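Accompanying notes for the structure given below.
Below, each value reflects all heavy atoms present in this structure, side chains not excepted, and no hydrogens, waters or symmetry copies. In what follows, chains carry the letters A, B, and so on, assigned in the order in which the sequence lines appear, proteins first and then strands, with residues in each chain numbered from 1. For clarity, every value in this text was computed on a predicted model and none was experimentally measured.
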Number of protein chains: 2
Amino acid sequence: MSRWKPDARGRLEKAALELYNHQGFDATTVAEIATRAGLTERTFYRHFTDKREVLFPGDSPLADTLANATATAPVPLPPLEVIAHALTEAAPVLEERADLARQRQTVIAANPELQERELAKLAALASTLARTLRERGLETTTAALAAEIGIATFKVAFERWINDPDRHTLAQHIRETLDTARHLTAPAEHVAATDDVSFTGHEGVA
Amino acid sequence: MSRWKPDARGRLEKAALELYNHQGFDATTVAEIATRAGLTERTFYRHFTDKREVLFPGDSPLADTLANATATAPVPLPPLEVIAHALTEAAPVLEERADLARQRQTVIAANPELQERELAKLAALASTLARTLRERGLETTTAALAAEIGIATFKVAFERWINDPDRHTLAQHIRETLDTARHLTAPAEHVAATDDVSFTGHEGVA
DNA sequence: TACGGTGATGTCATTAACTGTCATCACGGC
DNA sequence: GCCGTGATGACAGTTAATGACATCACCGTA
C-alpha cells in the first residue's frame, strides 16, 4: 500500500468547508482542519498559502472557461458582446456544482475576510480578461473597462442566482443582467424622449 | 498641560504610512508604528481594527461626496449619467490630496493584502451607491449594476490618473473613461464596416 | 538486489497579529 | 474636594504563518 492516503489537498478542502460551515470560519483552527483531514498543520500550509485560500480552488475551471471563451469569440464583435459570449459559456461550469457553490457562498457571506479574498479573486479574473481583450486588439482602457463591467455583471447575476427562490438558471440571470448592462451603457439619445418618466431599468425573471 | 499628546489617531496614521513606505508593509510591526507615534501596540488596536485599516480613513470624504452627489442628482437622468455626475463631483476631493493619494497607492500596489482591503472598501462604496440609487427609484438589479459600473469606471480612471505621465486631471480621466463606458455597447454596425480592422475602442487624453 | 535520490509529510521553534482583562490617572462636573 | 469617565498602559494568552531539519516509502538504476 502507498505511504499516504491519496488526495491530501482534497481532504483538506473538504474538512475545511465542513468545519467552516459547522462552527464558522473564525472558530475553526487550521490545526483542527489538518487533524480532521488526517494531516498536520504544517502540511496544510504546504497546500494552501492561507486559512482562506482553501475555499478558492487554484485550479478554477471558471477562470479557464472565461479566458478561453473570450479569446475565441468572433472578432468583429463589440466588447460587451465578447463579454456576453464568455459569460454565457462559463455559466454551465458553475451550474454543475450548484450546491457546492451555494455552500461555499454561505460560508463566504458570513465572513468579511473571506469576502475580501473573493473580491481579490474576481479582480484577478478581471485582470486576466482585460489582458485577453487587449490581445484581441482592444485599446488598454477599453479592455480594462469591458473586463471590469463583465465581472460586475457576473457578480450581480451570480448573487441573483444564489438567492433566487425560483431556482432559475445562472445562464438565465446572466442573460437578464447583461441586458440591463446593455441598456445602462447605451448611448443617451434613447432617453432624451422620456421626460417625466424616471428611468427604472429592466425587470423580472422572464 | 493635557495628559496626552493630541491626535493619537493621526499620529498613528502618519507613522504607519512612513514606515510602510520606507520598509514595506510586511517588514513593519504594529509595535514599531505605535512606538514611533509615542503610543502602545494595544492603543493602535483601539484606533484601528487592523494593521491594514490604518491606511483607509474611516472618515472618507470621497464616500460622502459620492453618496451625496448621487442622491441629489436631477431625477429624470439615466443611471449612468447619475453616476457620471457623482464621479465628476467627487474627483476634486482626491485632486486636493493628490500626493497623499499617490503615496498611499504606491504602498498599496506593493502589497496584496492591502489590495484586498482596498477592493473591499470599493465594494462597500458600490454597495452604498446601489442603495442610494434604489432610493432614487431604480430597480434592484439596475441599481446594483449601475453602482458596480460606476465603481469600475472610477477604478480604471483612477489608475490612469495615478500613472499618467502628463499629469492630466482626475476629472479629465473620469470624463474619458465614462465616454469609453458609453461606447462599450457600440452597435455592431460600427464594427461591421471595419472588416479587417479590429475594434480598438476610444483612445487618448484629449 | 542493493543503493541513492526524490517528494510528501512530520516535528520543533519562532515571530507577530490580534484579543481580553485589569490598572492608571488627568479631566470635568457637581 | 470627591467621583465618574475616557484614553491609555501593562500583561498574558491564542493562533496564524514561516523556516529549518528529520523521516521514509517509492522509483529508477547499476
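- The side chain of B:Trp4 has D:dG6 as its nearest neighbour among C:dT19, C:dA16, D:dG6.
- Along DNA chain C, the nucleotide closest to B:Thr49 and the one closest to A:Leu39 are compared, and the more 5′ of them pairs with A:Leu39.
- Taking the side chain of B:Arg42 as heavy atoms from C-beta on, and the options D:dA16, C:dG7, C:dT21, the nearest nucleotide is C:dT21.
- For A:Glu53 and A:Lys121, the salt-bridge test passes: some basic side-chain N is under 4.0 Å from an acidic carboxylate O.
- With C:dG10, D:dA25, D:dA17 as the choices, the nucleotide that has an atom nearest any side-chain atom of A:Thr43 turns out to be C:dG10.
- At C:dA8, none of the side-chain N or O atoms of A:His47 fall inside 4.0 Å of OP1 or OP2 (strictly under the cut-off).
- Of all non-hydrogen atoms in A:Pro79 and B:Leu184, the two that sit nearest each other are CD-O, 3.7 Å.
- Using a 4.0 Å heavy-atom cutoff across all strands shown, A:Thr40 reaches at least one base atom of the nucleic acid.
- Listed nucleotides: C:dT19, C:dA16, C:dT9. Nearest to the side chain of B:Tyr45: C:dT19.
- Closest to the A:Arg46 side chain, of the nucleotides C:dC18, C:dT11, C:dT24, is C:dT11.
- In this structure, the CD atom of B:Glu41 is 13 Å from the C1' atom of D:dA12, given to the nearest Å.
- Distance A:Phe48 CZ to D:dT18 P: 14 Å, rounded to the nearest Å.
- The side chain to side chain contact (heavy atoms under 4.5 Å, CB included) check on B:Ala16 picks up B:Tyr20, B:Ile33, B:Val54, with sequence neighbours excluded.
- Here the P atom of nucleotide C:dA17 and the CG atom of A:Asp50 are 15 Å apart, to the nearest Å.
- The separation between A:Phe44 atom CZ and D:dT15 atom P is 15 Å, rounded to whole Å.
- In this structure, B:Glu89 contributes its side chain and B:Leu66 its backbone to no donor-acceptor pair below 3.5 Å.
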